[in-house]
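I have placed the structure first, in the form of structure tokens, so that the comments after it can refer back to it.
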Amino acid sequence: MKILVTGGAGYIASHTNVELLNAGYEVVVLDNLCNSSEESIRRVEKLTGKKITFYKIDMIDKEAMDAMFKKEKPDAVIHFAGLKAVGESCEYPLMYFNNNLIGTLNLLSVMDKYAVRKLVFSSSATVYGFQTKMPINEEASLSATNPYGRTKLMIEDMLRDIYKADNSWDIAILRYFNPIGAHISGEIGEDPKGIPNNLVPYIAKVAIGELEKVHVFGNDYNTPDGTGVRDYIHVVDLALGHIKAIEKLNENPGLVTYNLGTGQGYSVLELIKSYEKACGKTIPYVIDARRPGDCDMVYSDPSKAKAELGWEATRGVEQMCEDSWRWQSKNPNGYRGC
Ligand code: NAD
Ligand code: UFG
């Protein structure tokens, strides 16, 4: 079975590509490399001993996508491509709407034209907006709190409408909680450009000595130690969730939606402690003001994915930090310079 992976040079996709290739799928990658490097594809090929067909295409270029579909005729698509920085999306909403919405519309139109109607979509826990009741299950209300989140919600809505109009589509919407960690080999991992926005990549840069200290955004939340609590999930567990989703699509389930999380919350301070253990160094930190838009606690109810996909996360926070550190210490400059 041939899978087209959009955004296939990126962080979550590169880990998914390893699992797809190891499971015997053929992988075609489409990426414009706006937030990634072709080196990740080479590393996945090295890790698996298998080849990836790579197209440097921007999803905004519908004609290029059309030509690629005509040539490759994929059986299914895993759609990771998109811009994902919340703060940047508030500054440049049009860029986010253009890239994520128009890009996805182009993709869906081309899929429809070539009758490729099996799709796994990278959604996010961000579509739950602010929730007070934890854990969050798939029936919780949906809302957007920033332009990035709005693109995820709008794409989900588009997919629900498309399915309503034509139930020959099979669509799995996967709502990720907080992916962290790296492949156990240390060959692939997260390679953020500039100063990281997210907690674990930031801690990793402090551990390697590139940044001075972690800024903890608030210690007055309604949580056990006062710092924000999130549902961190190992990126390899997340990748394996995509394999299960592809298997599910082959059973013609229609449109299905799953949380991919562990169901467990960890605080910022717990993460720092765990990372210290993993890297054997002290991670300096300061308590700063809350980051606007953050909530105190977010964690999933992942039981639907367990029941219907036979998937559950098995890697704990210690392994997430150990694997993140292995990647960071083996590749202090990420993929740059390779
Ligand atoms: P990433 O930036 O590493 O990967 C996204 C990839 O898409 C990049 O390689 C980028 O170059 C590519 N891309 C972006 N716009 C494109 C376009 N117009 N045409 C072609 N390629 C394009 O991000 P990631 O963390 O691997 O995230 C993958 C997906 O998962 C994204 O859709 C993201 O919104 C979603 N997601 C991520 C998280 C997270 O915390 N990492 C959480 C929830 C959901
Ligand atoms: N935090 C800090 N210091 C930092 C960065 C983060 O204290 O330098 C704290 C935040 O306040 C929060 C926790 O660490 O309590 C996690 O923050 P992240 O930025 O790593 O992750 P978020 O939960 O804010 O958001 C991420 C993505 C969203 C996505 C969400 C759920 O950025 O797009 O996970 O998938 F919606």
Side-chain angles (χ1 to χ4, degrees), residues 5-16 29-38 40-41 55-61 64-65 78-87 89 95-96 98-100 102-104 106-107 121-129 144-146 148-149 151-152 155 174-180 189-193 195-203 205-206 211 213-219 221 223 227-233 235 238-239 259-261 265-269 271-272 285-300:
V5 182
T6 77
Y11 169 49
I12 304 171
S14 53
H15 292 80
T16 304
V29 161
L30 174 163
D31 202 303
N32 67 357
L33 303 179
C34 70
N35 196 38
S36 53
S37 156
E38 212 176 323
S40 75
I41 295 173
Y55 288 84
K56 185 167 185 273
I57 289 178
D58 193 314
M59 290 191 306
I60 298 301
D61 186 348
M65 275 209 287
I78 308 183
H79 179 30
F80 290 102
L83 299 174
K84 61 162 186 178
V86 172
S89 81
M95 183 168 95
Y96 272 66
N98 186 51
N99 192 75
N100 293 4
I102 306 295
T104 301
N106 287 344
L107 173 72
F121 172 59
S122 295
S123 189
S124 163
T126 191
V127 299
Y128 293 119
T145 56
N146 56 67
Y148 162 71
T151 66
K152 289 294 174 197
I155 293 168
L174 303 181
R175 295 180 181 149
Y176 313 153
F177 281 69
N178 291 54
I180 62 167
E190 189 168 9
D191 183 21
K193 291 197 169 117
I195 296 176
N197 299 305
N198 298 113
L199 179 65
V200 172
Y202 201 105
I203 296 177
K205 297 276 182 208
V206 174
L211 294 169
K213 54 184 180 262
V214 178
H215 295 261
V216 176
F217 298 146
N219 67 347
Y221 283 106
T223 60
T227 65
V229 167
R230 295 291 182 275
D231 184 343
Y232 296 96
I233 174 167
V235 66
L238 193 64
N259 282 344
L260 295 186
Y266 287 89
S267 74
V268 176
L269 294 183
L271 250 291
I272 293 175
Y285 67 85
V286 283
I287 307 292
D288 272 6
R290 290 182 179 199
R291 182 171 64 179
D294 276 353
C295 23
D296 51 3
M297 261 197 214
V298 182
Y299 58 93
S300 67

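Side-chain atoms are counted along with the backbone in the values below, which use heavy atoms only and exclude waters and symmetry mates. Indexing begins at 1, ligand by ligand and atom by atom, following the structure's order.
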Nearest to atom 40 (O) of ligand 1, what protein heavy atom do you find, and at what distance? Pro179 CD, 3.3 Å
Backbone or side chain, does any N or O of Tyr176 fall under 3.5 Å from an N or O of ligand 1? no
With backbone taken as N, CA, C and O and side chain as the heavy atoms from C-beta onward, which portion of Leu33 lies under 4.0 Å from ligand 1: side chain, backbone, both, or neither? backbone
Which option wins on minimum heavy-atom distance to atom 5 (C) of ligand 1: Ser37, Gly82, Ser40, Gly103? Gly82
List ligand 1 atoms under 4.0 Å from Asp58, heavy atoms only on the residue side. 17 (C), 18 (N), 19 (N)
Counting heavy atoms only, which of Phe121, Phe177, Phe80 comes nearest to atom 28 (C) of ligand 1? Phe80
Based purely on interatomic distance, does Leu83 place a nitrogen or oxygen under 3.5 Å from a nitrogen or oxygen of ligand 1? no
pair Val5-Thr16: side-chain heavy atoms closer than 4.5 Å: no
Taking only residues two or more places apart in sequence or in another chain, which ones pass salt bridge (Lys or Arg N to Asp or Glu O under 4.0 Å) with Asp231? none
N or O pair under 3.5 Å between Ile12 and ligand 1: yes
Give yes or no for whether the N/O distance cutoff of 3.5 Å, strictly under, is met between Cys34 and ligand 1. yes
What protein heavy atom sits nearest atom 4 (O) of ligand 1, and how far off is it? Gly10 CA, 3.6 Å
Checking a contact table here: which protein heavy atom is nearest atom 12 (C) of ligand 1, and how many Å away? Asp31 OD1, 3.4 Å
Taking atom OH as the centre, does Tyr285 end up with more than 12 heavy-atom neighbours from other residues, nucleotides or ligands that are less than 6.0 angstrom away? no
Enumerate the atoms of ligand 1 whose separation from the nearest heavy atom of Ser123 is less than 4.0 angstrom. 43 (C), 44 (C)
pair Ile195-Tyr202: side-chain heavy atoms closer than 4.5 Å: yes
Kindly compute the distance separating NZ (Lys152) from OH (Tyr128), expressed to the nearest 0.5 Å. 14.0 Å
Nearest protein heavy atom to atom 18 (N) of ligand 1, by residue and atom, and its distance? Asn99 OD1, 2.8 Å
Do the ring planes of Phe80 and Tyr176 sit parallel (below 30°), tilted (30 to 60°) or perpendicular (above 60°)? tilted
Go through the structure and list residues passing salt bridge (Lys or Arg N to Asp or Glu O under 4.0 Å) with Arg175, not counting sequence neighbours. Glu156
Heteroatom distance test (Met59, ligand 1): nitrogen or oxygen, under 3.5 angstrom: yes
Taking the side chain as C-beta and beyond, is there a heavy-atom pair between Ile41 and Asp31 under 4.5 Å? no
Min side-chain heavy-atom separation Leu199-Arg230 under 4.5 Å: no
With heavy atoms and a 4.0 Å threshold, my read on which part of Thr6 contacts ligand 1 is neither
protein heavy-atom neighbour closest to atom 3 (O) of ligand 1 works out as Tyr11 N, 2.8 Å
Between Val200 and Leu271, is there a side-chain heavy-atom distance shorter than 4.5 Å? yes
Please tell me if the side chains of Asn100 and Ser89 come closer than 4.5 Å, counting only heavy atoms from C-beta onward. no
Examine the proximity of ligand 1 to Ala125 and report which part, side chain or backbone, both or neither, has a heavy atom under 4.0 Å away. neither
Spacing of CG belonging to Asn106 relative to CE belonging to Met59, to within rounding of 0.5 Å: 8.0 Å
Parallel under 30°, tilted from 30 to 60°, perpendicular over 60°: which one fits the rings of His79 and Phe121? tilted
Taking atom 25 (O) of ligand 1 as the reference point, the nearest protein heavy atom with its distance: Lys84 NZ, 2.8 Å
Can you sort out which atoms of ligand 1 are near Ile57, meaning under 4.0 Å from one of its heavy atoms? 19 (N), 20 (C)
Atom 2 (O) of ligand 1: the protein heavy-atom neighbour that sits closest, reported with distance to 0.1 Å: Asn35 ND2, 2.7 Å
Suppose we screen for salt bridge (Lys or Arg N to Asp or Glu O under 4.0 Å). Which residues come up paired with Asp288, at least two apart in sequence or across chains? none
Phe177 and side chain to side chain contact (heavy atoms under 4.5 Å, CB included): which partner among Val298, Thr126, Leu260, Leu238? Val298
Asn32 contact mode with ligand 1 (heavy-atom cut-off under 4.0 Å): both
Suppose I only count heavy atoms of Gly7 and a 4.0 Å limit; which atoms of ligand 1 are within that range? 6 (C), 7 (O), 9 (O), 12 (C)
Could you pull out every protein residue that has a heavy atom closer than 4.0 Å to ligand 2, ordered by chain and then number? Val86, Ser124, Ala125, Thr126, Tyr148, Tyr176, Phe177, Asn178, Asn197, Asn198, Leu199, His215, Val216, Phe217, Gly228, Arg230, Tyr232, Val268, Arg291, Asp294
Return yes when atom NZ of Lys56 has more than 12 non-hydrogen atoms of other residues, nucleotides or ligands closer than 6.0 Å, and no otherwise. no
If I apply the N/O under 3.5 Å rule, does Tyr148 come out as touching ligand 1? yes
Would you mind reporting whether Ser267 and Tyr221 have side-chain heavy atoms less than 4.5 Å apart? no
Contact check: Ser36 vs ligand 1, nitrogen or oxygen atoms, below 3.5 angstrom: yes
Which one holds for Glu190 and ligand 1: side chain close, backbone close, both close, or neither close, with close meaning a heavy atom under 4.0 Å? neither
Kindly say whether Val268 contributes a backbone atom to a donor-acceptor pair with the side chain of Thr227 at under 3.5 angstrom? yes
